[in-house]
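Notes follow the structure.
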Amino acid sequence: MTKPSMPNEYPSASFARDVPEPAPTALLDDLRRAGLACETSSEVRSDHGRDWWPLSIADVAVGRVPHWPGVVVLPRSVDEVSELLRVASAHRMPVTAQGGRSGVLGGAVAPDGAIALDLTQLDKVLSLDEVSGHVRVQAGVFGPELETYLNARGWTVGHFPQSFDLATVGGWIACRGAGQLSNRYGKIEDIVRALTIVLANGDVIDVGSHAPRQAVGPDLMSLFVGSEGTLGVIVEATLVARRQARFEQRAAYGFPSFEEGLEACRRILQRDASPAVLRLYDETETQRNFELDTCALIVLDEGEESFVHATMHIVVEECANATVLDEALVERWMAHRNDVGALAPLWERGIVVDTIEVSGSWANLPAMYNHVVDALKSMQGMLVASVHQSHAYVDGACLYFTFAARPEEDATPFYRRAWDLATRAVLANGGALSHHHGVGRNRARFVENALGSSFAILVAMKAELDPFNILNPGVLGIGGAPW
Ligand SMILES: Cc1cc2nc3c(=O)[nH]c(=O)nc-3n(C[C@H](O)[C@H](O)[C@H](O)COP(=O)(O)OP(=O)(O)OC[C@H]3O[C@@H](n4cnc5c(N)ncnc54)[C@H](O)[C@@H]3O)c2cc1C
């Protein structure tokens with residue numbers, strides 16, 4: 001079993017005093033009577049009261065527990081998850097599903113007094129259909145375990161988020177995530193075929209199908225992809241696996257401006273070339289990552305040799321006016337692509353830092369890029385606001401902004417305003433609120449505006465599936481924003 005890796009640790013002896021009471025005895029008795037493993041120690045509860053949201057990191061650095069769940073429950077089977085939700089329903093007690101707790105928006109933080117449902121004991125790869133390429137897996141399996149199992153048999157699911165080592169399959173699906181090679185392998189919604197879900201009342205349902213597609217009414221499985229623990233608990237998933245790639249090719253280019261690089265990406269995608277990696281960095285991020293004065297585009301494709309050659313041929317043609325850079329830049333990116341250690345030390349030094357990933361159409365991206373960066377740079381104390389393009393489509397792309405500041409005011413209101421300004425600029429330019437991190441608590445206040453007239457459908461689905469509002473209340477902005 002892999003234990004979640006957290007960004008920082010509480011200073012020692014943080015909880016000598018002021019530890020809130022655990023969950024009520026009547027609830028604990030019922031949970032234990034149902035045979036569930038429960039933890040109520042201050043160490044385990046405080047650990048499950050935080051995730052990778054930067055404000056959690058800031059709290060932990062000064063020994064403050066963001067939230068104190070009343071109890072941490074670690075089920076070992078689907079039946080135990082079902083039992084847990086029956087008991088929680090009877091007690092009207094909120095439950096937050098937790099995988100690796102690598103969420104960066106506060107969505108995996110169990111509220112004060114609530115049940116933290118740690119799914120990491122559901123850690124088995126169950127089966128591989130080597131004819132169809134379907135792998136059945138429990139929700140608490142981490143990326144490395146899944147890929148080790150598959151690679152040993154010549155397969156991969158190709159889902160490699162930067163948080164590959166930190167996150168679980170259930171979390172990938174619950175957050176509607178995207179891996180770094182997603183232009184080739186698809187986003188998680190392209191990879192998932194079927195799910196087993198435990199509903200708030202403890203009922204176990206299957207959604208999706210082991211057939212490649214179905215036209216049997218609306219796609220009910222997609223309700224749960226991106227539902228962030230608010231509509232049901234994902235306990236098992238069937239994912240599409242691919243044969244491991246046998247061939248790979250790399251290239252790197254420099255563009256005089258980010259906009260010109262975006263244009264090249266658009267032309268490449270619109271000629272139906274979709275290299276696994278097509279990442280474009282602005283001047284600031286190119287300097288930070290590669291010490292070069294340009295906007296670097298790094299390209300990597302893998303798969304069947306003839307397809308890779310065809311794809312890279314189009315890349316070469318569309319980058320004909322760019323400067324050819326050393327393809328060793330791609331190796332450099334590969335070597336550091338899963339480094340995750342930078343965030344916490346910066347917060348501990350008083351730097352307010354975060355990333356904001358969004359998406360937009362090619363027509364809107366240049367204006368969105370400029371407006372977001374300008375809005376962030378207009379803030380007193382902002383040190384840097386930069387961007388890269390990380391996932392490209394035939395009609396648009398994901399922009400991934402990074403900001404860092406040393407504000408004169410308190411960090412929290414500054415941080416909140418930075419998000420307000422950037423999000424306003426994204427939505428005003430027709431962008432999507434999030435491309436792959438999701439909503440959590442941090443973005444909950446924007447969801448009603450972002451979804452517009454369809455927000456009522458989300459609220460209605462929640463009321464139907466979770467009438468007592470016990471599943472991760474406050475997340476996704478349903479019933480108001482907690483922050
Ligand atoms: C350094 C870093 C880099 C990252 N890079 C990427 C990236 O490249 N691509 C990307 O997509 N994301 C990225 N993320 C964000 C995060 O890793 C993903 O959202 C990930 O999918 C979360 O998985 P988890 O198991 O850690 O879920 P958690 O953080 O534990 O939970 C996240 C949300 O999902 C819900 N949830 C978790 N498991 C279940 C379940 N089984 N059933 C129902 N709900 C559940 C939780 O309630 C919560 O709302 C990154 C995060 C970090 C810290």
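As the structure lists them, so they are numbered: ligands from 1, and atoms in each ligand from 1.
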Next on the checklist: Determine whether the aromatic ring centres of residues H336 and F290 are separated by less than 6.0 angstrom.
Outcome noted: no
Checklist outcome for this item: Closest to atom 33 (C) of ligand 1 among protein heavy atoms sits C175 SG, 3.5 Å
Checklist entry - Should the ring pair W483 and W53 be called parallel, tilted or perpendicular, given that the plane angle runs from 0 to 90° and is split at 30 and 60? => result perpendicular
Checklist entry - For residues N201 and S89, is any side-chain donor paired with an opposing acceptor at under 3.5 Å? => result no
Item to check | Pick from Q162, H159, R101: the one approaching atom 5 (N) of ligand 1 most closely through a non-hydrogen atom | outcome: Q162
Next on the checklist: Would you say the rings of H48 and H67 are close, in the sense that their centroids are separated by under 6.0 Å?
Outcome noted: no
Checklist entry - What do you reckon, does G179 have a nitrogen or oxygen under 3.5 Å from a nitrogen or oxygen of ligand 1? => result no
Checklist outcome for this item: atom 46 (C) of ligand 1: of A110, G229, A97, the nearest heavy atom sits on A97
Checklist entry - Among I234, D165, D118, which one has a heavy atom closest to atom 41 (N) of ligand 1? => result I234
Checklist entry - Are side-chain N/O atoms of T156 and E147 paired as donor and acceptor at under 3.5 Å? => result yes
Checklist entry - Considering only the protein, which heavy-atom contact is closest to atom 26 (O) of ligand 1, and what is its distance? => result S102 OG, 2.6 Å
Next on the checklist: Just by distance, no angles: are the side chains of D282 and H388 close enough, under 3.5 Å, to form a donor-acceptor pair?
Outcome noted: no
Item to check | Y281 and N289: side chain donor to acceptor below 3.5 Å | outcome: no
Checklist outcome for this item: Among A174, A108, G438, closest by heavy atom to atom 34 (O) of ligand 1 is A174
Checklist entry - Given S227, G232, G170, which one has a non-hydrogen atom that is nearest to atom 43 (C) of ligand 1? => result G232
Next on the checklist: Considering non-hydrogen atoms of the protein only, which is the closest contact for atom 10 (C) of ligand 1, and what is the distance?
Outcome noted: H436 CD2, 3.4 Å
Next on the checklist: With the threshold set at under 4.0 angstrom, would you say A178 reaches ligand 1 through any of its heavy atoms?
Outcome noted: yes
Checklist entry - Hey, what's the ring geometry for H210 with H134, parallel, tilted or perpendicular (30° and 60° as the breaks)? => result tilted
Checklist entry - Looking only at non-hydrogen atoms, which of V475, V104, D51 approaches atom 52 (C) of ligand 1 most closely? => result V104
Checklist entry - Identify the closest protein heavy atom to atom 29 (O) of ligand 1: which residue and atom is it, and at what distance? => result G103 N, 2.7 Å
Next on the checklist: Counting only heavy atoms, tell me which of G226, G341, S163 gets closest to atom 13 (C) of ligand 1.
Outcome noted: S163
